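Working notes for the structure below.
FYI, side chains are in, hydrogens and waters are out, and symmetry mates aren't considered; it's all heavy atoms of this structure. Bear in mind that the values here come from a model prediction, so they are computed numbers and not experimental data. Throughout, a chain's letter reflects where its sequence line sits, starting with A, and its residues are numbered from 1.
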Amino acid sequence: MQLYDTLTRGRQELPPAPGPIRMYTCGPTVYQRIHIGNARPFVISMWLRRWLAERGYDVTLVENITDVNDKIYNAAPGHSAVLAAQASQWYIEDTEGLGLGRPDHEPKATETIPEIVALIEELVRDGYAYEAGGDVYFRVARFADYGRLSGQRPDQLEDDDPSPFKEDPRDFALWKATKEGEDTSWDSPWGRGRPGWHIECSAMAEKFLGPSFEIHLGGLDLVFPHHENERAQSQAAGREFARLWMHNGLLEFVGEKMSKSIGNVASLHDVIEEWGPETILVFFLTAHWSKPIDFSDETMAAAAARVEGFREVFRGPSEPAAAGEWERFQAALEDDFNTPEALAVMHGWRDHELLRRALDIFGLASLAERQDAPPEIVELARQRQEARAARDFDEADRLRAEIEAAGWEARDAADGFQLVPR
RNA sequence: GGCGCCGUGGCCGAGUGGUUAGGCAGAGGCCUGCAAAGCCUCGUACAGCGGUUCGAAUCCGCUCGGCGCCUCCA
């Protein structure tokens with residue numbers, strides 16, 4: 001199995017199965033409902049986990065919830081904790097609605113404070129970090145490999161509004177002293193405060209996966225500074241940390257960037273309501289995980305048509321697939337988890353068993369389920385069949401209209417009729 | 001200013017030097033009382049300009065266009 005790795009800018013081979021694959025995915029900061037783009041790393045992580053399990057690996061997936069940071073403080077001055085709790089719940093509910101199950105662990109930053117403090121203490125002790133004004137900063141100059149993940153050149157970094165406490169504008173906060181109006185804080189050797197943004201992931205990854213793990217995932221927009229800083233902290237503290245970095249491409253609205261300030265953000269919650277989970281999953285399947293994907297009525301409608309196409313296969317007879325078909329599907333996924341290619345392979349299948357197995361990898365087994373019409377609709381269809389037999393086509397058409405009005409489509413078949421939801 | 005990604009037929013989207021991607025939409029046909037579904041047929045695309053090569057969507061350069069990041073956006 002090969003995957004594209006941001007750090008080495010090339011494909012990396014996963015160790016052969018069986019064996020452990022430990023995955024860490026950067027989850028959301030909870031201050032509002034997540035949008036459809038935020039769902040992408042969750043979906044990709046869950047798919048990859050399912051696939052690796054299918055291939056015989058012992059997979060552990062950790063996806064964190066960031067429930068303390070500036071965004072939350074700003075969104076709910078004075079009661080950020082209430083908002084964070086509410087938004088965490090939304091996040092669980094909304095992703096639950098995708099039908100992909102849950103990661104193995106979903107730690108929250110606020111539940112990992114002791115580990116965070118301990119890690120910072122190590123860094124301070126070894127000279128990789130320093131306390132200043134109640135804050136603690138990472139000393140970027142001490143970490144020679146800084147910038148390798150993101151390709152940023154330290155001397156070119158912009159320097160908008162450096163904290164007066166920093167020795168070097170590139171330094172970043174590991175711990176921040178409590179400020180006026182912040183309603184959550186914890187004790188630390190440096191006084192009351194709360195963790196910086198990046199340190200939590202270093203601490204949570206280690207807590208659940210150990211000092212080194214196989215795959216780190218997250219959105220492309222996290223490469224710098226978030227992941228660069230995670231890596232710097234953990235490696236400075238002597239941990240190997242992530243061996244491979246997968247950064248998913250961002251979701252865009254056609255012709256316009258999705259932006260909260262423009263107000264064109266579609267929440268996962270609303271998109272599930274409008275299109276259903278299957279269409280969302282197939283939509284994500286149509287683009288390679290590492291590339292950007294356009295969200296629009298047109299692209300969603302195309303995904304919905306594919307969903308219907310798969311359902312249609314299960315309404316017909318199962319026809320055994322040719323030998324080697326599963327291997328073609330497998331080869332597509334082993335090749336950098338190429339889901340568009342895998343989709344193309346699946347579209348040729350009429351083998352119910354095989355197709356169901358493939359769909360299940362992506363949380364789409366529901367497409368194989370029969371959709372039975374209620375008895376009263378079946379009765380209408382039966383009457384229509386009688387009318388047709390009597391060649392009373394006016395009555396037959398009237399009944400079809402009635403059936404359609406009830407949300408079903410009557411199809412004539414050689415041996416009777418079929419009812420399909422519309 | 002710096003780092004990086006991308007530009008394929010109406011739309012989406014695979015494809016890393018030479019054989020049909022696939023899907024959606026569309027056209028015609030078969031089938032049907034009429035339909036639907038299904039099946040068959042139909043599209044020689046690769047931003048532009050140069051270059052390398054027997055041969056390039058695929059390698060190199062430049063240009064144009066879209067996008068991300070540059071200390072707290074997945």
Problem - Distance, rounded to the nearest Å, where A:Y146 contributes OH and B:C3 contributes P - result: 17 Å

Fill in the blank from the handout: Here the gap from A:T6 atom OG1 to A:M246 atom CE, rounded to the nearest 0.5 Å, amounts to 9.0 Å

Practice task
Would you indicate what A:A301 reaches in the nucleic acid, counting non-hydrogen atoms under 4.0 angstrom: base, sugar-phosphate, or nothing?
Solution key: nothing

Exercise for the section: Establish, from distance only, whether the side-chain atoms of A:N74 and A:Y31 form a donor-acceptor pair under 3.5 Å. Expected result: no

Exercise for the section: Report the base-pairing partner of B:G4 (Watson-Crick or G-U wobble, both distances below 3.5 angstrom), or none. Expected result: B:C67

Practice task
Using distance alone, with no hydrogens and no angle criterion, decide if A:E182 and A:S80 have a side-chain donor and acceptor under 3.5 Å apart.
Solution key: no

Exercise for the section: Could you verify whether a donor N or O on one side chain and an acceptor N or O on the other, from A:Q86 and A:W90, lie under 3.5 Å apart? Expected result: yes

Problem - Selected nucleotide, minimal atom distance to A:E409 side chain, candidates B:A36, B:C69, B:C12 - result: B:A36

Practice task
May I ask you to say what A:H288 touches in the nucleic acid, namely base, sugar-phosphate or nothing, with a heavy-atom cut-off under 4.0 Å?
Solution key: sugar-phosphate

Handout entry: Sub-4.5 Å side-chain heavy-atom contact between A:W245 and A:T8
Key = no

Handout entry: Length of the CD-C1' vector between A:E252 and B:C11, whole Å
Key = 16 Å

Completion exercise
Rounded to whole Å, the CZ-P distance (A:R422 to B:A37) equals 9 Å

Handout entry: Enclosure of A:E379 CD (heavy-atom neighbours >12, cutoff 6.0 Å)
Key = yes

Fill in the blank from the handout: A:W289 CH2 to B:G13 C1', in whole Å, measures 17 Å

Exercise for the section: Determine the contact category for A:S290: base if any of its heavy atoms lies under 4.0 Å from a base atom, sugar-phosphate if only primed atoms, P, OP1 or OP2 are that close, otherwise nothing. Expected result: nothing

Practice task
In whole angstrom, give the distance that lies between atom CG of A:D294 and atom C1' of B:G13.
Solution key: 11 Å

Exercise for the section: Taking only the side-chain heavy atoms of A:D221 (C-beta and beyond), determine which of B:U71, B:C69, B:A14 contains the nearest atom. Expected result: B:C69

Handout entry: Strand partner of B:U52, provided both Watson-Crick or wobble distances fall under 3.5 Å
Key = none

Problem - Distance below 4.0 Å between A:R350 side-chain N/O and B:C39 OP1 or OP2 - result: yes

Problem - Whole-Å C1' distance, B:G18 and B:U53 - result: 12 Å

Exercise for the section: Please examine the side chains of A:T95 and A:L100, heavy atoms only from C-beta on, and report whether any two atoms are closer than 4.5 Å. Expected result: no

Exercise for the section: Report the residue (A:A410 or A:R9) whose heavy-atom-nearest nucleotide on RNA chain B is the more 5′ of the two. Expected result: A:R9

Practice task
Look at the rings of A:W51 and A:W326 and say which category their plane angle falls in: under 30° parallel, 30 to 60° tilted, over 60° perpendicular.
Solution key: tilted

Practice task
Give A:L250 one of three labels, base, sugar-phosphate or nothing, depending on what nucleic acid heavy atoms sit under 4.0 Å from its own.
Solution key: base

Distances under 3.5 Å only, N/O to N/O: pair up the protein atoms with those of nucleotides 30-34 of chain B.
unit_1: B:G33; atom_1: N7; unit_2: A:R388; atom_2: NE; d: 3.4
unit_1: B:G33; atom_1: O6; unit_2: A:R384; atom_2: NH2; d: 3.1
unit_1: B:G33; atom_1: N1; unit_2: A:D397; atom_2: OD1; d: 2.9
unit_1: B:G33; atom_1: N2; unit_2: A:D397; atom_2: OD1; d: 3.3
unit_1: B:G33; atom_1: N2; unit_2: A:D397; atom_2: OD2; d: 2.7
unit_1: B:C34; atom_1: O2; unit_2: A:R400; atom_2: NH2; d: 2.3
unit_1: B:C34; atom_1: N3; unit_2: A:R400; atom_2: NH2; d: 2.8
unit_1: B:C34; atom_1: N4; unit_2: A:D412; atom_2: OD2; d: 2.3

Practice task
Select one nucleotide: of B:G13, B:A36, B:U71, the one nearest the side-chain heavy atoms of A:R170.
Solution key: B:U71

Handout entry: Nearest listed nucleotide, side chain of A:H198, among B:U71, B:G13, B:C24
Key = B:U71

Practice task
Start with the C-alpha gap between A:H227 and A:H247, add the side-chain angles, then the distance that decides, and say whether ring pair (Phe, Tyr, Trp, His ring centres under 6.0 Å) holds.
Solution key: CA-CA 10 Å; A:H227 289 165; A:H247 287 107; 4.9 Å; yes

Fill in the blank from the handout: Value for CG (A:N64) from CE (A:M204), rounded to nearest 0.5 Å, stands at 4.0 Å

Practice task
Among the candidates B:G22, B:C12, B:U16, find the nucleotide nearest to the side-chain atoms of A:A344.
Solution key: B:G22

Practice task
List in numerical order all residues of residues 74-87 of chain A for which some heavy atom is under 4.0 Å away from an atom belonging to RNA chain B.
Solution key: none

Handout entry: Neighbours of RNA chain B within residues 306-338 of chain A, by heavy-atom distance under 4.0 Å
Key = A:R306, A:E312, A:N338

Exercise for the section: Answer yes or no: is there a donor N or O on one side and an acceptor on the other, between the side chain of A:R315 and the main chain of A:Q371, under 3.5 Å? Expected result: no

Problem - Polar contact flag, side-chain donor to acceptor under 3.5 angstrom, A:T60-A:D104 - result: no

Exercise for the section: Give a yes/no answer on whether the side chain of A:K291 brings an N or O atom under 4.0 Å of OP1 or OP2 in B:G13. Expected result: no

Handout entry: G-U wobble or Watson-Crick pairing nucleotide for B:C39 (cut-off 3.5 Å, both distances)
Key = B:G29

Problem - Candidates B:G22, B:A21, B:C12 - which lies nearest the side chain of A:H347 - result: B:G22

Exercise for the section: Count the heavy atoms belonging to other residues, nucleotides or ligands that lie under 6.0 Å from CZ of A:R391, then report whether that count exceeds 12. Expected result: no

